[in-house]
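Okay, structure first, notes after.
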Amino acid sequence: MNIYVGNLPYSVVEEDLREIFEEYGEVASVKIINDKLTGRSKGFGFVEMDEDDEAKKAIEELNNADLSGRNIKVNESRPRSNDSRGGGNRRGGGGFNRGGRY
DNA sequence: CCTGAGCGT
């Protein structure tokens with residue numbers, strides 16, 4: 001599951017995000033976006049989690065969480081690519097309800 | 001050193 005993390009402090013790096021999200025589950029990968037011009041961090045990143053349940057729990061807990069005095073925003077990320085033949089993420093995991101549970 | 005903007009090769 002792709003997770004968007006915004007409003008991050010410039011001090012935060014991928015390791016920090018990984019540590020934070022690993023508290024709630026197994027983190028597949030972490031990506032911090034850096035600015036093309038300044039080279040500094042843009043202040044947001046992405047976290048990919050294998051387990052959707054843990055991902056949702058992490059989102060619920062980490063959204064509006066206080067990090068270094070900054071209220072970070074954590075939400076489900078939009079698909080970065082829109083491939084033909086349904087290559088763009090189009091599955092039940094991307095939605096809210098999964099199989100009626102919840 | 002500083003800044004703030006809700007989406008990535």
Side-chain angles (χ1 to χ4, degrees):
Chain A
M1 182 175 185
N2 300 331
I3 304 175
Y4 166 80
V5 187
N7 206 48
L8 290 171
Y10 299 124
S11 317
V12 171
V13 290
E14 299 178 350
E15 303 176 27
D16 299 316
L17 277 185
R18 176 170 294 226
E19 289 292 315
I20 296 172
F21 277 83
E22 276 182 345
E23 294 184 71
Y24 298 90
E26 149 182 2
V27 175
S29 61
V30 182
K31 176 64 62 178
I32 292 290
I33 310 304
N34 300 318
D35 188 45
K36 302 297 175 62
L37 302 176
T38 65
R40 308 290 184 186
S41 50
K42 282 184 180 176
F44 71 94
F46 293 91
V47 177
E48 296 183 51
M49 297 190 73
D50 225 14
E51 291 289 330
D52 292 5
D53 298 282
E54 298 174 337
K56 288 195 308 179
K57 185 171 57 180
I59 292 175
E60 290 291 315
E61 295 296 315
L62 295 176
N63 189 29
N64 295 296
D66 180 72
L67 182 58
S68 304
R70 224 74 58 166
N71 213 43
I72 67 178
K73 272 72 178 70
V74 182
N75 275 303
E76 179 183 343
S77 172
R78 296 172 175 168
R80 54 174 165 88
S81 298
N82 192 357
D83 193 294
S84 308
R85 191 172 41 91
N89 210 345
R90 179 63 70 175
R91 55 171 174 164
F96 285 90
N97 295 348
R98 199 163 13 88
R101 180 182 296 176
Y102 205 64

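In what follows, chains carry the letters A, B, and so on, assigned in the order in which the sequence lines appear, proteins first and then strands, with residues in each chain numbered from 1. Just so you know, these numbers come straight off a predicted model, no measurement behind them.
Residue A:K42 contributes atom NZ, which lies 6 Å from atom P of B:dT9 at whole-angstrom precision. Going from atom CG of A:N7 over to atom P of B:dC7 covers 12 Å, rounded to whole Å. Rounded to a whole Å, the CZ atom of A:R40 is 21 Å from the P atom of B:dG8. Between A:K73 atom NZ and B:dA5 atom P the separation is 13 Å, expressed in whole Å. Between A:E48 atom CD and B:dC7 atom C1' there is a gap of 13 Å when expressed in whole angstrom units. For the pair A:F46 CZ and B:dG6 P, the computed distance is 13 Å after rounding to whole Å. Atoms CG (A:L8) and C1' (B:dC7) sit 12 Å apart, rounded to a whole Å. B:dG8 atom P lies 12 Å from atom CG of A:N2, rounded to whole Å.
The main-chain N or O of A:E51 is never found under 3.5 Å from a side-chain atom of A:E26 such that the two would form a donor-acceptor pair. With hydrogens and angles disregarded, a donor-acceptor distance shorter than 3.5 Å links the side chain of A:E14 to the backbone of A:I32.
Residue A:R80 places a side-chain atom within donor-acceptor reach of the base of B:dT9, judged by atom type and a 3.5 Å distance cut-off alone.
Using a 4.5 Å heavy-atom cutoff, the side chains of A:I33 and A:F46 are in contact. Contact annotation: the side chain of A:F21 approaches that of A:L62 to within less than 4.5 Å [non-hydrogen atoms, C-beta and beyond].
Across A:V12, A:I3, A:V74, A:V27, a single residue satisfies side chain to side chain contact (heavy atoms under 4.5 Å, CB included) together with A:L17, and that is A:V12.
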Checklist entry - Taking it one step at a time, do A:N64 and A:K73 satisfy side chain to side chain donor-acceptor pair (under 3.5 Å)? => result CA-CA 5 Å; A:N64 295 296; A:K73 272 72 178 70; 2.7 Å; yes
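Remark: ring of A:F44 not stacked against base of B:dG6; the cut-offs of centroid gap under 5.5 Å and plane tilt under 30° are not jointly satisfied.
Proximity note for A:Y4 (side chain, C-beta onward) versus B:dG6, B:dC2, B:dG8: the nearest is B:dG6.
Scanning all heavy atoms of the two residues, the minimum distance from A:R70 to A:P9 falls at CB-CG, 3.8 Å.
Within the 4.0 angstrom heavy-atom criterion, base atoms lie near A:G43.
Residues of residues 27-35 of chain A having a heavy atom closer than 4.0 Å to DNA chain B, listed by number: A:K31, A:I33.
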